[in-house]
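This report refers to the structure that appears directly beneath it.
Just so you know, these numbers use all the heavy atoms, side chains as well, and skip hydrogens, waters and symmetry mates. Throughout, protein chains are lettered first and strands after them, A, B, ... in sequence-line order, and every chain is numbered starting at 1.
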Amino acid sequence: MTEEKLEKPTIEDFSREITRMLGGETITYCYQCGTCASSCPVAKTTDRYNPRQIIRMALLGQRYEVLNGDSIWLCASCYNCQERCPQKVEIADVIYALRNMAIREGNIPALYAEFANGLMSEGRLAPISKFLEKKRSDYGLPPLKPTGVEALKKIFSATGFDKIFFKKGEQP
Amino acid sequence: MEEAKVGVFLSDCGGQISKILDFEALAEFVKKVDGVTFVARSSEFWRGQGLKTITDAVKSGKINRAVVAENVPKISEIVIAKAVEEAGLNPHLVEVLDLKDHCAWPHRDAPSEATEKAKAMLLAAIEKAKLLEPIDKAEFPTVKSVLVIGGGIAGMQAAEDLAEMGFQVHLIEKEPFLGGLAAKAGRFFPTDDCAICIQSPTVDLKTVTHTSRKCVYRSGFSEIPNLNVLTNSKVVKVEGVPGNFKVTLERRPRYVSEEKCVACDLCTSVCPVEVPDDYNAKLSTRKAIYVNKPLVYPAAYVIDEKACKFHECAKCVEVCPAKAIDLDQKTEYVTLNVGSIIVATGFREYNPNVIKEYHYSEYPDVITHLELARMLDAFGPTKGMIVKPSNGKPAKRIVFVQCVGSRDRRWNPYCSSICCMISLKHATLIKTAHPDADVTICYIDIRTTGREHEYYYEKARELGVKFVKGRPAEILHDPATNTLIVEVEDELLRRLLELETDLVVLATAMVPSEETKKLAEILGLELDQDGFFKEYNAKLRPTETKRRGIFLCGGATFPKDAPTASLHAHSAAVKAAKFIMQGKIVKDLKTAVVNEDYCGNCQFCPVTCPYGAITLEPKENKHFVAHVSELLCEGCGICVGTCPVGAIELRHLKQDQIAAQMRALLSVNGTPKPLILAISCSECGNAAVDSSGMAMMNYPANVRVLRVPCTGIVQVRHILEAFKAGAQGVMVVGCKPDGCHYEVGSQKAKKKVELAKMLLNAYGIEPERLEMFNLVYIEGDKFAEAAKNMTEKVEKLGVLQLA
Ligand code: SF4
Ligand code: SF4
Ligand code: SF4
């Protein structure tokens, strides 16, 4: 039997990995001033989310915790933090980079998986039920145009989006 | 020229290197070289009997050139040159080489190979010596007078030092009063005493002892002999050369005679115009005729041109008992002739408006440190009370915000270095006077690195100042209660706080004074990436600039606290004095010279010379030819490396001398390995070669070093000639690209090497045979390694066949 050894992530490995991601380049500039945390509307409503802390954990190489936790999925992408960060850390973009890394490893919250599956099958993030379509005509809205899902599928296959396995799971 | 009679002096370093090198063989070898008329061997030649052997040979007329193989050539060179000069020989007719560190030590494992290399080195030195020409000295007069620009504490300190040393000093200040930031700051750390308390002049020993410190206005500062203070003045033009600058000043009118004004204050009581007082951060008003308090210098009133109604009113003229007011004064232009210039223009507070979230210009109760300092000053707009500017009511709760616009990559990436201490000083002053005040400092890192500084931090905690680790996101205003709310994360608690407060004090960045850029242009000085004046060398020459005769001190180079600014001022004063004190600069003309017949007016050299030493001068037959200022030229040879037609040469290393050395170094091999020529600069590059030898690091004897002042002199043709003369590989060894002693030389050399590689390729020669190395003294191991690697690489490439 071959013995499998897990590579122990070092501090450098993970932050380097992030800086190589699109949007993750600026993470190492962070000097933990906390401007992002006190600017963040999500952090104001829940202590499950704190952008400074995510960056801190990432810089300390806490790969598993960052990519498997639900924290990174809570960012509202308002870019308040990014506007204000004195070190020009592109925080919201770093969060996107982390999400992309998490997705590659199959850590996708159910809601996002549903969006992705909807896009791939229907060409829409959310399925349009018969009920909804009827409601539209009740309100005098025109029927929805077809989505051109074929064109989308080409994009998905060219970008490799369709190779990602979007499992159904629990919502964060 | 008289025929060359070369004396060769072989030092065996106390018998150390004769264990390795065969000195008999060397002596025999040099004796046979054409032009050698005298050969001597000793254990040392740079002092004692050895040195006398050289000077005796000179005096007897046996020799008119000397080649000395001596340890530590950099030092022995100086001593020997001085001795031969005294003996009647031009000191530039001596060539010193190092057989120990450049030959015996690194090749000690192969003594016979080392001996052969030593022969080549001696031959190169002899061939060069034969071509050496005498170099004269020149004198350039210096005016014993100094201009100090900026009347803050640094400028005043430097001016006082120089005036007391006996130089004529002109201290100019663009504002109507001296004092700079210090006059506004109230108190200074680390003594907490008055900021305008300066070291008072020590000249008049009858009344002032060396223990004295006094307020500027009663220090006797204005009475120092030779000190001419010009306020309301700025530099508009600088001409001339170092040691002899012609400076034009623009002097704005004061409208009040400094000599006549008795400071009775009658004028302000009749002046009808009231304007916001800039000096007090607009927290109060003043009249159109005014004086700043606390009083500094001059103790004379001044009229604010923008506010005064002049002849429409003229009430002050009527009331002045001293008849000191003249409403028709005009701007004057003053010319000064000075030898040195000191720039002491200081720094200023950054306008924090750029950080929109802090609403500085919107909320009156968000202020800066300087505004707080004015409030804390008993002379200030609130007579020492801390109030909310919005309503004048006392401020009981105060929040300080650190790093506003500093350590901020969007505005000023650097740490302004003094703001933590200013906040600690102000917080402790407030808490001491008002123990019930609620004072919080929001910080990213507290930096208290100076002497006594940590005690302030300690004291602040003891007094109950609260510290929150976190940079606030936003300052909000609640109109209902007229309070401010500071949103900040207490990172240590990981909790979002909303601090309610009466007053927010922003510890803003400290940035270069206004008009710094303009002054830099006038003076021909460089600014650093942050906009401050750039020093010549940040580590070792922090008060000098690249332009000789111009010096820097105080906050003009970076924000400084008072002790550091004073130290800096003393240093600049010493440098400025040293530059002019002899009344002349005596210099060996080891400079570049232009052959006017060849110069094609291509304009390459004037832009390349790092010292601005080359100008284009009009001539009758041609339009222009290059002209080298003998005063400014540093003799690096970068121009030589740049000139496409070979019209410019160094007096101390002519092209034929380079060629002769090259041929000689490659004429004898004596090793089984391919010959490699290493062209090294005389600074870091040669130091690395030295240190590899000193540390007895091994590298093969086929590597031969040709020393030039700076690798910037290297031309592509030198490299090609080396290959033609028998080199199988060429190394160019210079300083680090950003540490080049001549600024750009090593970068230029790199480009030449790249170009030469392309050419070699085109000629069918492997470009790997040429390599540039950037080394420093402590990298002797890297030189040895490079020499070994290069040898192996060239060996693998095989013998170079030149058609
Ligand atoms: S605002 Fe920028 S520097 Fe400050 S903690 Fe957030 S990411 Fe780091
Ligand atoms: S972009 Fe995300 S992390 Fe940044 S403030 Fe908005 S929600 Fe918070
Ligand atoms: S030798 Fe150097 S300093 Fe002198 S003129 Fe040439 S480039 Fe300028």
Side-chain angles (χ1 to χ4, degrees), chain A residues 15 18-19 23-60 62 65-66 69-72 74-95, chain B residues 350 352-360 399-416 419-420 440-447 467-476 484-500 504 506-509:
Chain A
S15 59
I18 298 167
T19 53
E25 302 90 340
T26 55
I27 188 169
T28 52
Y29 290 131
C30 175
Y31 61 9
Q32 290 290 305
C33 70
T35 306
C36 49
S38 49
S39 297
C40 177
V42 180
K44 278 201 179 73
T45 58
T46 170
D47 59 10
R48 286 158 69 205
Y49 183 66
N50 180 318
R52 176 188 59 76
Q53 201 179 18
I54 291 179
I55 293 188
R56 175 89 181 133
M57 291 203 299
L59 290 175
L60 287 180
Q62 304 303 296
E65 203 173 336
V66 170
D70 62 8
S71 209
I72 53 174
L74 292 174
C75 170
S77 306
C78 70
Y79 281 78
N80 232 359
C81 52
Q82 195 150 324
E83 235 355 74
R84 291 177 178 175
C85 171
Q87 287 299 305
K88 292 206 216 167
V89 177
E90 295 170 348
I91 304 145
D93 295 334
V94 168
I95 305 274
Chain B
Y350 188 59
N353 259 335
V354 293
I355 298 166
K356 302 267 184 299
E357 312 79 86
Y358 292 170
H359 306 279
Y360 170 68
V399 173
F400 292 89
V401 178
Q402 297 307 113
C403 303
V404 179
S406 278
R407 306 181 68 202
D408 188 324
R409 293 180 61 242
R410 299 165 302 173
W411 314 110
N412 305 290
Y414 57 89
C415 164
S416 294
C419 348
C420 281
T440 307
I441 298 180
C442 298
Y443 68 97
I444 308 175
D445 301 287
I446 291 281
R447 294 179 171 175
F467 290 86
V468 172
K469 179 166 168 52
R471 180 183 178 277
E474 188 157 10
I475 298 165
L476 305 169
L484 298 169
I485 296 147
V486 179
E487 288 194 326
V488 62
E489 182 199 15
D490 184 321
E491 293 180 21
L492 305 178
L493 293 178
R494 196 193 179 279
R495 207 169 283 172
L496 299 178
L497 305 180
E498 292 185 345
L499 306 172
E500 259 187 54
V504 172
L506 304 179
T508 61

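For the pair B:Gly470 and B:Glu491, the tightest heavy-atom approach, listed with the atom from each and the gap, is CA-OE2, 3.9 Å.
Contact of A:Arg56 with chain B is not made at all, since no heavy-atom distance falls under 4.5 Å. With a 4.5 angstrom heavy-atom cutoff, B:Lys469 touches chain A only via side-chain atoms. Looking at B:Glu487, the atoms closer than 4.5 Å to chain A (heavy atoms on both sides) sit in the backbone and in the side chain alike. Residue A:Tyr29 touches chain B through its side chain alone, counting heavy-atom pairs closer than 4.5 Å. Within the 4.5 angstrom heavy-atom criterion, only backbone atoms of A:Glu83 (N, CA, C, O) approach chain B.
Contact check for B:Val504 versus B:Pro472: no side-chain heavy atoms found under the 4.5 Å cut-off. Looking at heavy atoms from C-beta onward, B:Tyr358 lies out of side-chain contact with B:Pro352 at the 4.5 angstrom threshold.
Note: A:Cys33 leads A:Gly34, A:Cys33, A:Cys85 in heavy-atom pairs under 4.5 Å with chain B. With respect to chain A, the highest number of heavy-atom pairs below 4.5 Å among B:Lys356, B:Glu498, B:Glu474, B:Arg494 belongs to B:Arg494.
Enclosure of atom CZ in B:Arg495 is not indicated, since only 12 or fewer non-hydrogen atoms of other residues, nucleotides or ligands lie within 6.0 angstrom.
B:Glu489 and A:Asn50 are linked by a side-chain donor-acceptor pair at a separation below 3.5 angstrom, with hydrogens and angles left out of the test.
Salt bridge B:Arg407/B:Asp445: present, at least one basic N to carboxylate O contact under 4.0 Å.
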